[in-house]
S.K.: 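If you scroll down you'll find the structure; I have some questions about it.
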Amino acid sequence: MRFDIITLFPELIQPYLEAGVTRRAYASGQVQVRLWQLRDYAEGNYRRVDDRPFGGGPGMVMMAEPLSRCLQAIREDRADPAGSEAPVVLFTPIGTRLDHAEVTHWAEGQGAILLCGRYEGIDQRFVDAHVTHQLSLGDFVLSGGEIAAVALLDAVARLQPGVLQDEASHIQDSFNPALDGLLDCPHYTRPEQWQGQGVPEVLLGGNHAAIARWRRDQSLQLTAQHRPELVERARNQGLLDKADRVTLARLAEAGKL
């Protein structure tokens, strides 16, 4: 799996490839990452990559030609077989919202070329000609696509075999199908008493069936309180059993939802 990142600020991304648990994915080569400085493909003494927008208005727009030259260099370096060229991903407000399903899709693929925009945006002609996918982290605007690129890399890398010390760790993540798309439950560790607050007794008793039920109930409560649409989706998909429905009814009667 290989990701090529077109950016004006590779120094913002490089540290993330060298720290944290996901560095294993990059160090092992499971997830290869190449950073491409866009200014290397600009012309003139100032290596200009942006210009004023036609029609006026604030800000600057990234020019199509430097992007085109950089993309061509990446294509030649990757040498992907004809018909299976790497997709080109742009992070934009109109993009598909990045969620667990979307991350899983990219984690099972062969990588992509990630384009980190800056300024007011990118010349639409380049987007129309070369961008195959657009992604968004949410309904807000960042100064550039680098943070979004790192978010995608991190989410993809941690799903690769051997990256997490416990292979089952990501299976219990929020939104995972193993949890029926619900939020994860609360977690506790030592000491048993901290600032007058104890660990729930059920977690100390060693009854694995009771612990599993408690965790499921907590997951249902948290999700119903904070992301009720996820509970409804699970219900509509037939993923809630009788015990789940009883838990939700009890919570509703107690006024906790």
Side-chain angles (χ1 to χ4, degrees), residues 1-41 49 66-67 69-81 84-92 95-118 130-138 142-179 184 187 189:
M1 178 182 299
R2 171 175 165 176
F3 287 92
D4 294 86
I5 305 178
I6 301 174
T7 174
L8 289 170
F9 299 98
E11 64 272 19
L12 295 180
I13 299 175
Q14 187 63 44
Y16 289 94
L17 307 179
E18 301 169 353
V21 66
T22 53
R23 73 184 185 281
R24 296 173 185 156
Y26 314 125
S28 68
Q30 285 176 280
V31 181
Q32 300 178 48
V33 180
R34 288 282 307 277
L35 303 178
W36 298 78
Q37 168 56 264
L38 180 59
R39 291 195 188 279
D40 292 342
Y41 300 89
V49 297
L67 288 166
R69 283 194 289 267
C70 184
L71 178 59
Q72 181 61 32
I74 294 172
R75 292 288 190 207
E76 293 174 359
D77 190 72
R78 290 182 65 104
D80 294 324
S84 59
E85 293 87 355
V88 178
V89 178
L90 176 64
F91 300 99
T92 69
T96 301
R97 182 73 66 88
L98 194 62
D99 59 12
H100 181 80
E102 191 70 20
V103 167
T104 300
H105 164 75
W106 293 103
E108 295 173 348
Q110 295 302 310
I113 299 169
L114 309 182
L115 174 53
C116 301
R118 282 271 160 177
H130 298 292
V131 171
T132 61
H133 297 74
Q134 299 191 51
L135 296 177
S136 171
L137 294 188
L142 296 167
S143 298
E146 286 78 12
I147 292 176
V150 167
L152 177 61
L153 284 176
D154 184 86
V156 165
R158 68 189 306 277
L159 295 184
Q160 302 307 307
V163 173
L164 301 181
Q165 288 185 344
D166 186 338
E167 286 290 328
S169 290
H170 70 81
I171 301 300
Q172 297 302 316
D173 286 343
S174 295
F175 313 115
N176 197 290
L179 293 182
D184 195 7
H187 298 277
T189 188

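What you see below is based on every heavy atom in this structure, not just the backbone, and it leaves out hydrogens, waters and symmetry mates.
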S.K.: For Glu146 and Thr7, indicate whether the former's side chain and the latter's backbone hold a donor-acceptor pair under 3.5 Å.
M.R.: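 No: the side chain of Glu146 does not pair with the backbone of Thr7.
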
S.K.: Could Asp99 and Arg97 be called an ion pair, given the rule that one side-chain N must be under 4.0 Å from one carboxylate O?
M.R.: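 No, no charged N to carboxylate O under 4.0 Å.
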
S.K.: Side chain to side chain contact (heavy atoms under 4.5 Å, CB included) between Val89 and Val131: does it pass, once the steps are laid out?
M.R.: CA-CA 6 Å; Val89 178; Val131 171; over 6 Å; no

S.K.: Taking all non-hydrogen atoms of both residues into account, name the closest pair between Ala151 and Leu137 and its distance.
M.R.: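 Ala151 and Leu137 have their closest heavy atoms at CB-CD2, 4.1 Å.
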
S.K.: Can you tell me how far the OG1 atom of Thr96 sits from the CD atom of Gln134, to the nearest 0.5 Å?
M.R.: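 Going from the OG1 atom of Thr96 to the CD atom of Gln134 covers 8.5 Å.
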
S.K.: Please state whether the rings of Trp36 and Tyr41 are parallel, tilted or perpendicular, taking 30° and 60° as the class boundaries.
M.R.: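 It falls in the tilted class, 30° to 60°.
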
S.K.: Check Leu114 against Ala149 and note the closest heavy-atom contact, atom names and distance.
M.R.: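 Of all heavy-atom pairs spanning Leu114 and Ala149, the closest is CD1-CB, 4.1 Å.
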
S.K.: Identify, with sequence neighbours excluded, every residue that meets salt bridge (charged side-chain N to carboxylate O under 4.0 Å, His left out) alongside Arg39.
M.R.: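 Arg39 satisfies salt bridge (charged side-chain N to carboxylate O under 4.0 Å, His left out) with no residue once adjacent residues are dropped.
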
S.K.: Checking Gln30 side chain against Tyr26 main chain: does a donor-acceptor pair fall under 3.5 Å?
M.R.: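 Judged by distance alone, no pair lies under 3.5 Å.
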
S.K.: Where is the tightest heavy-atom contact between Val31 and Ala157, given as atom of each residue plus distance?
M.R.: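 Shortest heavy-atom contact: CG2-CA, 4.3 Å.
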
S.K.: Met1 versus Val156: any side-chain heavy-atom pair under 4.5 Å?
M.R.: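 Side chain of Met1 against side chain of Val156, heavy atoms only: contact under 4.5 Å found.
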
S.K.: If I compare all heavy atoms of Ile6 with all of Ile74, which pair ends up nearest, and what's the gap?
M.R.: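 In terms of heavy atoms, the two residues are closest at CG1-CD1, 3.5 Å.
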
S.K.: Could you tell me whether a side-chain N or O of Arg23 sits under 3.5 Å from a main-chain N or O of Leu17, the two making a donor and an acceptor?
M.R.: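 Checking the backbone N and O of Leu17 against the side chain of Arg23, no donor-acceptor pair under 3.5 Å is found.
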
S.K.: Of all the heavy-atom pairs spanning Leu159 and Ala107, show the shortest one and how long it is.
M.R.: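 Minimum heavy-atom contact is CD1-CB, 3.8 Å.
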
S.K.: Working to the nearest 0.5 angstrom, can you tell me the gap between Cys116 SG and Leu8 CG?
M.R.: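 Between atom SG of Cys116 and atom CG of Leu8 there are 9.0 Å.
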
S.K.: Taking the basic N atoms (NZ, or NE/NH1/NH2) and the acidic carboxylate oxygens, is any pair closer than 4.0 Å for Arg75 and Asp77?
M.R.: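 The answer is no: the pair does not qualify as a salt bridge.
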
S.K.: Is Asp184 reaching over with its side chain to a backbone N or O of Asp173, donor-acceptor style, under 3.5 angstrom?
M.R.: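 A pair under 3.5 Å: no.
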
S.K.: Should Asp40 and Cys70 be marked as a side chain to side chain contact (heavy atoms under 4.5 Å, CB included) after you check the CA-CA gap, both sets of side-chain angles, and the distance that decides it?
M.R.: CA-CA 8 Å; Asp40 292 342; Cys70 184; over 6 Å; no

S.K.: Could you tell me whether a side-chain N or O of Thr132 sits under 3.5 Å from a main-chain N or O of Val88, the two making a donor and an acceptor?
M.R.: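 Yes: the side chain of Thr132 pairs with the backbone of Val88.
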
S.K.: Would Asp4 and Arg2 satisfy side chain to side chain contact (heavy atoms under 4.5 Å, CB included), going step by step from the backbone distance to the final call?
M.R.: CA-CA 7 Å; Asp4 294 86; Arg2 171 175 165 176; 2.9 Å; yes

S.K.: Phe9 and Arg118: side chain to side chain contact (heavy atoms under 4.5 Å, CB included), yes or no, with the steps?
M.R.: CA-CA 10 Å; Phe9 299 98; Arg118 282 271 160 177; 3.7 Å; yes

S.K.: Which atom pair, heavy atoms only, marks the closest approach of Ser136 to Thr92?
M.R.: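 Looks like CB-O, 3.2 Å.
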
S.K.: Can you confirm whether Glu11 is buried at CD, in the sense that more than 12 heavy atoms of other residues, nucleotides or ligands lie under 6.0 Å from that atom?
M.R.: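 It does: Glu11 CD has more than 12 such atoms within range.
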
